[in-house]
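Report on one structure; see the data block that follows.
Here is how names work: the chains are called A, B, and so on, in the same order as the sequence lines, proteins then strands, and each is numbered from 1.
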Amino acid sequence: MAEKKEAFVKEITPQSEDFSRWYTDVVRRAELADYSPVKGCMVIRPYGYAIWELIQQALDRRFKATGHVNAYFPLFIPRSLLLKEADHVEGFAPQVAWVTRGGNEDLEEPLVIRPTSEAIIGTMFAKWIQSWRDLPILINQWANVVRWEKVTRLFLRTTEFLWQEGHTAHETEAEAEEETLRMLGVYQDVAEHELAMPVFAGRKSESEKFAGAARTYSIEALMKDGRALQAGTSHNLGQNFARAFDIQFQARDKSLQYVWGTSWGASTRLVGAVIMTHGDDSGLVLPPRIAPYQVVIVPIPRGDWRETVLPRARELQAGLLNAGVRVMLDDRDAYTPGWKYAEWELRGVPLRLEIGPKDIERSQVVLVRRDSREKLAVPMDGVARTVATLLEDVQRSIFERALRFREDHTTCASSYEEFRQILEGRPGFVLAPWCGTEECEAEIKSETQATIRNMPADRGTPGGRCIRCDRPASVDVYFAKAY
RNA sequence: CGGGAUGUAGCGCAGCCUGGAUAGCGCACCAGACUGGGGGUCUGGGGGUCGUGGGUUCGAAUCCCACCAUCCCGACCA
């Protein structure tokens with residue numbers, strides 16, 4: 001069995017041997033991305049970008065459905081604007097790239113390349129908002145941002161990355177909180193229903209919250225190596241940026257008030273999350289909803305296949321396209337069928353459709369699932385329906401598999417000893433009570449490398465005691481070693 | 001940014017220690033033929049500023065210095 005598995009794939013380091021290397025191998029071999037000549041910056045290749053586009057669409061249609069509109073703000077932010085919100089500057093200063101020269105002259109005022117756009121968007125909001133009737137403002141932007149990272153990894157952390165950032169302004173605190181949680185819910189929905197990736201949604205600790213936010217929420221996913229990955233964040237900014245950027249409106253009672261803000265973002269990191277949630281030793285396993293090709297047709301070239309098999313393959317392709325399936329017909333004759341099987345499995349295509357002379361004789365095709373490698377012969381009539389059903393089944397199966405994995409790797413700890421043992425032996429999420437102090441949080445981090453990922457909203461712990469200091473704890477929190 | 005490792009063809013590597021003639025191997029790539037239901041076979045072929053810059057030397061992939069890049073492990077982050 002092990003030998004057989006070996007035969008399926010070359011060129012990829014097994015996950016069990018070196019997970020990091022497996023990840024890099026898959027990204028490069030599947031042609032999702034490549035290193036560029038620019039330090040810390042990657043090139044997203046067409047296949048990887050196609051995945052991103054599908055994720056974008058999944059997010060974007062939900063943003064639109066919740067009343068948001070897209071806009072675009074400048075890449076550059078004048079230094080003085082960034083400085084306006086104290087926590088914000090302090091948080092981002094170490095990661096900011098500066099532009100100090102334009103053409104042959106030093107700039108009067110240096111520009112930062114946006115690490116995020118609160119400053120510039122807040123400035124514009126101040127101009128656009130006069131009255132409560134202008135509220136809420138619900139804007140999203142798709143953009144690139146730059147954060148000067150010291151250590152980079154393909155998709156997970158690069159100097160420049162693509163994301164979306166939503167920015168909203170509201171009349172009341174309650175509305176802002178509602179918006180923050182609504183968008184957190186959108187992220188959770190996309191993660192679970194499009195990416196088939198189960199996540200824990202919850203609130204970040206004070207030390208982990210966004211620089212300048214009142215409250216930060218996140219969705220946290222579990223990668224196959226047992227480390228957690230933050231996959232999306234939503235911030236309630238309170239009135240912090242409103243005060244810093246003077247975003248005021250005349251309220252219904254004629255008084256002058258500061259708006260309540262939110263911002264929320266998800267990035268190309270999601271592509272990395274998908275890879276590490278579903279991938280196996282043969283390569284990528286893509287959720288059908290975001291797979292650039294949901295089906296690959298491999299014709300079996302035998303004898304006069306170009307006259308017999310290929311036309312049928314084209315008909316199948318047309319039929320599937322017609323049914324709204326993203327399908328690729330791999331009719332290259334420089335490669336053998338076996339080679340193509342391995343190649344498209346490596347690239348994570350959820351379903352393979354084989355058609356050869358024998359199948360035509362029997363009016364059938366052979367379908368093979370990427371997730372289970374299950375092979376089944378199905379009648380050629382109605383194949384589009386079968387494919388649609390199977391795609392849904394793959395989508396559901398890989399979500400369930402990922403969910404089982406997360407459940408198997410999520411444990412409750414009641415003592416610090418137990419807590420440490422879990423993190424050593426079987427990495428994953430550990431749910432444990434926490435007293436709420438930064439001291440305990442920091443000590444746990446330095447002693448175990450685990451950080452607080454987030455705090456589930458629905459988990460109070462009456463009578464719980466902090467895992468670290470044994471003082472009464474108010475909340476259960478998810479700890480994990482994280483990316 | 002600290003600790004460690006590695007840079008030789010698209011990818012993976014050998015050669016370096018002990019300097020010497022035309023820098024090799026596997027895979028990939030190109031041409032053709034035979035093939036084809038789980039990474040085919042044969043024949044022929046193309047491709048290298050040996051990471052970059054300096055130095056030592058009659059001579060450097062090989063020795064020395066600096067820089068750069070990538071990976072791994074830590075501190076910071078989406």
Side-chain angles (χ1 to χ4, degrees), chain A residues 4-13 18-21 23-25 28-29 31 34-42 91-96 115-116 144-165 187 204 207-211 216 218-221 228-235 263-273 282-283 298-306 309 332-346 352-360 365-366 368 373 375 377 442 445-446 449 451 481-483:
Chain A
K4 194 180 175 189
K5 216 173 174 187
E6 194 86 24
F8 276 126
V9 69
K10 286 183 276 187
E11 304 169 14
I12 297 183
T13 308
D18 183 342
F19 193 82
S20 292
R21 188 146 180 212
Y23 175 78
T24 308
D25 286 348
R28 302 192 69 185
R29 187 58 188 77
E31 298 182 359
D34 204 353
Y35 295 107
S36 77
V38 190
K39 180 183 169 71
C41 294
M42 67 171 181
F92 278 104
Q95 289 182 272
V96 158
T116 179
N144 57 339
V145 285
V146 166
R147 297 184 185 175
W148 216 253
E149 300 289 353
K150 295 178 173 148
V151 179
T152 58
R153 298 198 61 196
L154 296 168
F155 287 112
L156 300 179
R157 191 182 303 105
T158 47
T159 300
E160 178 190 9
F161 60 95
L162 305 183
W163 76 345
Q164 84 22 245
E165 47 180 324
Y187 289 146
K204 284 290 200 183
S207 68
E208 299 260 341
K209 81 177 184 192
F210 176 74
T216 287
S218 73
I219 55 169
E220 302 280 336
L229 182 76
Q230 180 172 307
T233 50
S234 187
H235 318 290
S263 69
W264 25 275
S267 72
T268 37
R269 173 181 261 197
L270 287 172
V271 178
S282 297
V298 178
I300 306 303
R302 275 261 193 83
D304 58 350
W305 70 284
R306 290 201 162 275
V309 177
R332 295 175 293 179
D333 69 359
Y335 299 100
T336 61
W339 189 91
K340 291 176 183 175
Y341 299 165
E343 181 68 11
W344 291 111
E345 281 173 10
L346 172 55
R352 174 171 79 242
L353 189 159
E354 302 171 15
I355 176 164
K358 283 186 246 166
D359 302 306
I360 290 172
V365 299
V366 173
V368 185
R373 286 220 172 75
K375 194 176 272 201
K445 184 175 179 180
S446 70
Q449 290 172 37
T451 51
K481 294 184 187 174
Y483 273 93

Provide the closest heavy-atom pair for [X] versus [Y] in the form atom of the first, atom of the second, distance.
| X | Y | result |
| --- | --- | --- |
| A/Leu156 | A/Arg269 | O-NE, 3.1 Å |
| A/Leu154 | A/Thr24 | CD1-CG2, 4.2 Å |
| A/Pro299 | A/Val309 | CB-CG1, 3.9 Å |
| A/Leu229 | A/Ala273 | CD2-CB, 3.4 Å |

For [X] and [N], what is the distance between atoms [atom1] and [atom2] respectively, to the nearest whole Å?
| X | N | atom1 | atom2 | result |
| --- | --- | --- | --- | --- |
| A/Tyr35 | B/rG7 | OH | C1' | 14 Å |
| A/Leu353 | B/rG37 | CG | P | 17 Å |
| A/Arg29 | B/rG12 | CZ | P | 12 Å |
| A/Lys358 | B/rG38 | NZ | C1' | 13 Å |
| A/Asn144 | B/rA78 | CG | P | 17 Å |
| A/Phe210 | B/rC76 | CZ | P | 19 Å |
| A/Glu208 | B/rA75 | CD | P | 12 Å |
| A/Trp305 | B/rC34 | CH2 | P | 15 Å |

Return the 5'-most residue of the pair A/Trp163, A/Cys41 with respect to RNA chain B, ranking by each residue's nearest nucleotide.
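Closer to the 5' end of RNA chain B: A/Cys41.
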Taking the nucleotide of RNA chain B with the nearest heavy atom to each, does A/Arg157 or A/Thr336 sit closer to the 5' end?
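Its nucleotide being nearer the 5' end, the pick is A/Thr336.
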Can you tell me if [X] touches the phosphate of [N], counting only side-chain N or O atoms and a distance under 4.0 Å to OP1 or OP2?
| X | N | answer |
| --- | --- | --- |
| A/Lys445 | B/rG74 | no |
| A/Ser20 | B/rC72 | yes |
| A/Gln95 | B/rC76 | no |

Is any N or O donor-acceptor pair between the side chain of [X] and the base of [N] shorter than 3.5 Å?
| X | N | result |
| --- | --- | --- |
| A/Arg28 | B/rG10 | no |
| A/Arg147 | B/rC77 | no |
| A/Asp359 | B/rG37 | yes |
| A/Glu345 | B/rG38 | yes |

Would you please determine if the base of B/rA78 is stacked by A/Phe161, with stacking meaning a centroid separation under 5.5 angstrom and planes under 30 degrees?
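Here the ring of A/Phe161 and the base of B/rA78 are stacked, with centres under 5.5 Å and planes under 30°.
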Less than 4.0 Å between a side-chain N and a carboxylate O, is that true for A/Glu343 and A/Arg352?
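Looking at A/Glu343 together with A/Arg352, the answer is no, because their closest N to O distance does not fall below 4.0 Å.
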From the set [options], return the single nucleotide nearest to any side-chain atom of [X].
| X | options | value |
| --- | --- | --- |
| A/Lys150 | B/rG39, B/rC1, B/rA78 | B/rC1 |
| A/Arg153 | B/rC72, B/rG39, B/rG38 | B/rC72 |
| A/Arg352 | B/rG38, B/rA78, B/rC29 | B/rG38 |
| A/Ile300 | B/rG36, B/rA78, B/rG38 | B/rG36 |

Could you identify the nucleotide paired to B/rG39, looking across every strand shown and requiring Watson-Crick or G-U wobble geometry with both distances under 3.5 Å?
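Paired with B/rG39, as far as the under-3.5 Å criterion goes, is no nucleotide at all.
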Tell which nucleotide pairs with B/rC67, taking only Watson-Crick or G-U wobble pairs whose two distances are both under 3.5 angstrom.
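Check on B/rC67: paired to B/rG51, both distances under 3.5 Å.
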Quick one: label [X] by what it contacts on the DNA or RNA (base, sugar-phosphate, nothing), any heavy atom closer than 4.0 Å.
| X | value |
| --- | --- |
| A/Gly40 | sugar-phosphate |
| A/Gly356 | base |
| A/Pro337 | sugar-phosphate |
| A/Ser207 | nothing |

Rounding to the closest angstrom, what is the interatomic distance between [N] and [M] at atom [atom1]?
| N | M | atom1 | answer |
| --- | --- | --- | --- |
| B/rA9 | B/rC25 | C1' | 12 Å |
| B/rG44 | B/rG7 | C1' | 33 Å |
| B/rA23 | B/rU62 | C1' | 11 Å |
| B/rG55 | B/rU8 | P | 24 Å |
| B/rU6 | B/rG47 | C1' | 24 Å |
| B/rC72 | B/rA33 | P | 45 Å |

Given the side-chain rings of A/Tyr341 and A/Tyr335, with only the six-membered ring counted for Trp, is the space between their centroids under 6.0 Å?
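Ring-ring flag for A/Tyr341/A/Tyr335: false, centres at least 6.0 Å apart.
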Residue of the set A/Thr159, A/Thr116, A/Thr152, A/Thr158 for which side chain to side chain contact (heavy atoms under 4.5 Å, CB included) holds with A/Arg147:
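Of the listed options, the one satisfying the test is A/Thr116.
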